[in-house]
Amino acid sequence: MDKHYDHKASEEKWLKFWDEKGFFKADTDSPKKPYSLLIPPPNVTGALHLGHAMQHSILDAVARFKRMEGYDVLLLPGVDHAGIQFEGTLNKQLEKEGLSKQKLGREEWLKRAWKFKEDSYNSVSATWRVMGLSADWSRELFTLDPKVEKAVFEEFSSFWEQDLLYKGAYIVQWCPKDQTAIESVEMEYEERKEKLYFVKYNLAGTAGKEFITVATARPETIYADVAIAVHPDDPKYQKFIGREARKPLFDKNAPGGDRVKVISDSRVDKEFGTGALKITPGHDPLDYEIGKDANLAILHAVDKTGRMTPLAGDLEGLKVSEAREKAVEKLTQAGALEKVKDYTHSVPVCERCKTTIEPLISEEWFVKMKPLSEKALKRLDEVKFSPKNYETILGDWIKDIHDWCISRPLWWGYRLPVWYCQKCNPSRKVGKHLDMAVSLNAPEKPCQTCREKHWVQDESLLDTWFSSGLWPLATLGWPEQTGEFKKYFPWSFEISAPEIKYLWIARMIMLSVWFTDSIPFKNMFFHGMIRDLEGRKFSKSLGNGIDPNELRTQWGTDATRMALYTYSAPGRDGRASRQTMDERAKNFRNFGTKLWNIGNYIIELKPENLTTQDKSNHPDDKWVLGELDKTIQKVTKSLNSFDLHLATDEIYTFVWHTFADVYIEKTKSRRAEAQPTLEYVFKTSLELLHPFMPFITEELWQRLPHEGTSISVAPWPTKIEF
RNA sequence: GGAACCGUAGCUCAGCUGGUAGAGCGCUUCGUUUACACCGAAGAAGUCAGAGGUUCGAGUCCUCUCGGUUCCACCA
């Protein structure tokens, strides 16, 4: 044996061996009990990062453990098309080349998109394999594969038939840069120092004598005002309720001209500003609510690109920030600006591009979530969460569910399978089944109203989570009751980063319970987030990321995996730098060398004149077997509770500090007698270590006397059998 | 405003249902005798954020305070 373990050669050798032997293929016909693990599909938007490496190492350890325990293990890999994020990343690339979506056009753009997808996918796939993931590659899926498309269509059409879909005016958080509606979970708030403008509205018919003053941070939206609201109990404004006021900024084409009504509504805060609130239902969620209840018109002063609409008169076409300055000038000139105060508040911005969100009314598709939420809540306690408190966290969110906006103006992903009759339904209204159809391709049947075929498809795409929310079902061939669906569903184990607990985990639970009357997974593991030493997220812009491939190349895959398990306590965030990762990986690289040298001692330096393979009754032998037995029990227990950080620590301490430092040292004076015990304890230790360090354990196990073809399918040690 | 999590050795972190403080890296001293210097032996280092409480006994349970992080809601 060489002095040092050559991790690179060993990894290549065993990857090839495992692949050829097909140990990791799940078998629906196997009499073994199933254990299924679903890999959260990484986005095809770039290379895997350290968080992925940890997540996948955890999955693989559990999979390997269960396989050794004798289960028919399915570890299913896949990748996600990640609509918005994908387009964002690709468009940034195109920008550098001086290109854009618009310049390329849909067809050319899609060609680039598929190329980009291939590149990202290849990087992800390569990393997966070299990390030693014992996945069933024959079942690998992409969220845009036909198998998934079928399931997604079933999801959509069944929602349609159950009357859970609707389209209509809805207040939507609109990102002007990404040109898309985003969800509240995709928004961030930024503290901004802005101004609060106190604007006087003249009461109609008083010719500049009576005024009502409102405080607003967005004077440019005055054009879209439809009312002023005051609290019904506010004594200051009793006399104004029911009267009309004149907008200091208005467009002659606006409904009602410059007139807005003063109404009362208890949702107005008497203490804020002047206690009078201008109502702009087109641009503010609260105003929208108040406006809806008071039956007020919805006007837009800002459009979806973040520019002023014709309603803003000569400000049309200006960006919001420019329009605000102009509006303030005009108000000053008109003597309508009473005062300006400094005002610090948090402004909603897009999580991805940090652009200020425009709350707008937009025509979007929604799923009514209440029925799904109610059904899911009854079954939530069947999922075993790690850490436990996530059951409450998710339960609270599902209880307060709001309808799910599922349409996105994107090009990358699933088009809504909705067709309108161009002739009978040119405005694409929803609700009349006769001049609409839900179909994957252009409907064969004619429109039932005009008996002709003028079908046009809805332009929008489905939200990415509409497909990934169905991942536990789609990957197993649902809606068909396939053999694999029957055997592997619900999944035994799922894992996720906590940041997508609502977007993804809660949705999977609701969708699964709705469509199959079953929870999607029995064990749900949330790992923590690895951050940098200052506690910040890893991000490309900060450049603080750590490349798992560099760690792997330098220290070996086994060592990198072990380093990651030290961060794997459920729900605990960790801090890391390249240096701290190196320190940990180095320690486990050294541990690998230790194993290698133990192997050298036991295998290569084996005494030649061995007389017996019988066990001895020497107290040291009994002692080490007792310690080994304790270790077996502890490691098994920790693995069953998914405490991998404890399991790795236990087996590490036993091998290094009990077996090597103490026991092996003592055997040197009675080497021949101890040989059987040495071999047994070492082989068993390797088996306990295999889920975490698959390569070196296979390498050494193969050199020891053993039964079977691979440690990866050797029986998991349960008790001392010696 | 509501909620959760965290605060343990210089650094990064473990410590399950309460019972004499742990690991890795780093540091000090010694060791190159026949598995291993990617090693071995010995060692220094913490009033477990602070204050109360429950208990025979609390890092571990309860309350409060301080500090840090995150999530949810609202922000005219």
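Note on naming: letters A, B, ... go to the chains in the order of the sequence lines (proteins, then strands), and numbering restarts at 1 for each one.
Comparing B/rC25 with B/rC39, their P atoms are spaced 8 Å from each other, to the whole Å. A gap of 10 Å separates the P atoms of B/rG46 and B/rA9, to the nearest Å. Look at the P atom in both B/rC5 and B/rG15: the space between them is 15 Å, to the nearest Å. The C1' atoms of B/rG59 and B/rG22 are separated by 12 Å, rounded to the nearest whole Å. Annotation: B/rG43 and B/rU8 have their P atoms spaced 26 Å apart (nearest Å). Only the P atoms considered, B/rC62 is 24 Å distant from B/rU69, to the nearest whole Å. Annotation: B/rC6 and B/rU60 have their C1' atoms spaced 15 Å apart (nearest Å). As rounded to the nearest Å, B/rG7 and B/rC75 have P atoms that lie 35 Å from one another.
Aromatic pair A/Phe493/A/Phe642: centroids less than 6.0 angstrom apart.
A/His4 meets the ring pair (Phe, Tyr, Trp, His ring centres under 6.0 Å) test with no other residue; sequence neighbours excluded. With sequence neighbours left out, A/Tyr223 forms a ring pair (Phe, Tyr, Trp, His ring centres under 6.0 Å) with no residue at all.
Residues A/Asp629 and A/Gln633 bring a donor and an acceptor atom of their side chains to less than 3.5 Å of each other. For the 3.5 Å distance criterion, the side chains of A/Lys339 and A/Thr213 fail to qualify, holding no donor opposite an acceptor. Defined by atom type and a distance below 3.5 Å, a donor-acceptor pair is missing between the side-chain atoms of A/Lys330 and A/Thr332. When only modelled atom types and interatomic distance are considered, A/Asp621 and A/Tyr663 share a side-chain donor-acceptor pair under 3.5 Å.
The nearest whole Å value for the distance from the NZ atom in A/Lys278 to the P atom in B/rC75 is 14 Å. As a whole-Å value, the separation of A/Tyr565 OH from B/rA23 C1' is 19 Å. Note: CZ (A/Phe385) to P (B/rA4) measures 18 Å, nearest angstrom. Following rounding to the nearest Å, A/Arg671 (CZ) and B/rU34 (P) show an atom-to-atom distance of 15 Å. Atom OH in A/Tyr288 sits roughly 15 Å away from atom P in B/rC74 (whole-Å rounding). One atom, CD1 of A/Ile401, and another, P of B/rC72, lie 13 Å apart when rounded to the nearest Å. Going from atom CZ of A/Arg531 over to atom P of B/rU70 covers 6 Å, rounded to whole Å. Rounded to whole Å, atom C1' of B/rC75 lies 10 Å from atom CG of A/Asp284.
Salt-bridge check for A/Glu673 with A/Arg670: passed, with a basic side-chain N closer than 4.0 Å to an acidic carboxylate O.
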Practice item. Report the C-alpha separation of A/Glu679 and A/Ile602 in whole Å, then their side-chain angles, then the decisive distance to 0.1 Å, and conclude whether the side-chain contact (heavy atoms from CB on, under 4.5 Å) test is met. Key: CA-CA 7 Å; A/Glu679 287 177 10; A/Ile602 294 176; 3.8 Å; yes
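Judged by the 6.0 Å distance and 45° axis criteria, A/Arg246 is not positioned over the aromatic ring of A/Phe211.
Ring pair A/Tyr652/A/Phe588 is perpendicular by interplanar angle, where above 60° counts as perpendicular and below 30° as parallel.
Heavy-atom distances to RNA chain B give each of A/Ile598 and A/Thr216 a nearest nucleotide, and the one nearer the 5′ end belongs to A/Ile598.
A/Ala229 comes within 4.0 angstrom of no nucleic acid atom, judged by non-hydrogen atoms across all strands. A/Phe588 comes within contact range of no nucleotide atom at all, as no heavy-atom separation falls under 4.0 Å.
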Give me, pair by pair, the N or O atoms of the protein and of nucleotides 37-45 of chain B that are less than 3.5 Å apart, along with how far apart they are.
| unit_1 | atom_1 | unit_2 | atom_2 | d |
| --- | --- | --- | --- | --- |
| B/rA37 | OP1 | A/Lys3 | NZ | 3.4 |
| B/rC38 | O4' | A/Asn590 | OD1 | 3.3 |
| B/rC38 | O2 | A/Arg589 | NE | 2.6 |
| B/rC38 | O2 | A/Asn590 | OD1 | 3.4 |
| B/rC38 | O2 | A/Thr593 | OG1 | 2.7 |
| B/rC38 | N4 | A/His4 | ND1 | 2.5 |
| B/rC39 | OP1 | A/Asn590 | ND2 | 3.0 |
| B/rC39 | O3' | A/Lys594 | NZ | 3.2 |
| B/rG40 | OP1 | A/Lys594 | NZ | 3.2 |
| B/rG40 | OP1 | A/Trp656 | NE1 | 2.3 |
| B/rG40 | OP1 | A/Asp661 | OD1 | 3.4 |

Is there any protein nitrogen or oxygen under 3.5 Å from a nitrogen or oxygen in nucleotides 12-19 of chain B, and what are the pairs?
| unit_1 | atom_1 | unit_2 | atom_2 | d |
| --- | --- | --- | --- | --- |
| B/rU12 | O3' | A/Arg575 | O | 3.0 |
| B/rU12 | O2' | A/Tyr567 | OH | 2.8 |
| B/rU12 | O2' | A/Arg575 | O | 3.4 |
| B/rU12 | O2' | A/Arg584 | NH2 | 2.8 |
| B/rU12 | O2 | A/Arg584 | NH2 | 2.9 |
| B/rC13 | OP1 | A/Arg575 | N | 2.1 |
| B/rA14 | OP1 | A/Arg572 | NH1 | 3.4 |
| B/rA14 | OP2 | A/Arg572 | NH1 | 3.1 |
| B/rA14 | O3' | A/His645 | NE2 | 3.4 |
| B/rG15 | OP1 | A/His645 | NE2 | 2.9 |

Check your understanding: Tell me, what's RNA chain B's dot-bracket, Watson-Crick or G-U with both distances under 3.5 Å, | for other-strand, [ ] crossing?
Key -> (((((((..((((.....[..)))).(((((.......))))).....(((((..]....))))))))))))....
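With hydrogens and angles disregarded, no donor-acceptor distance shorter than 3.5 Å links the side chain of A/Ser10 to the backbone of A/Asp6.
Residue pairs meeting the salt bridge (charged side-chain N to carboxylate O under 4.0 Å, His left out) criterion with at least one partner in residues 560-576 of chain A, sequence neighbours excluded, are A/Asp60-A/Arg561, A/Arg531-A/Asp573.
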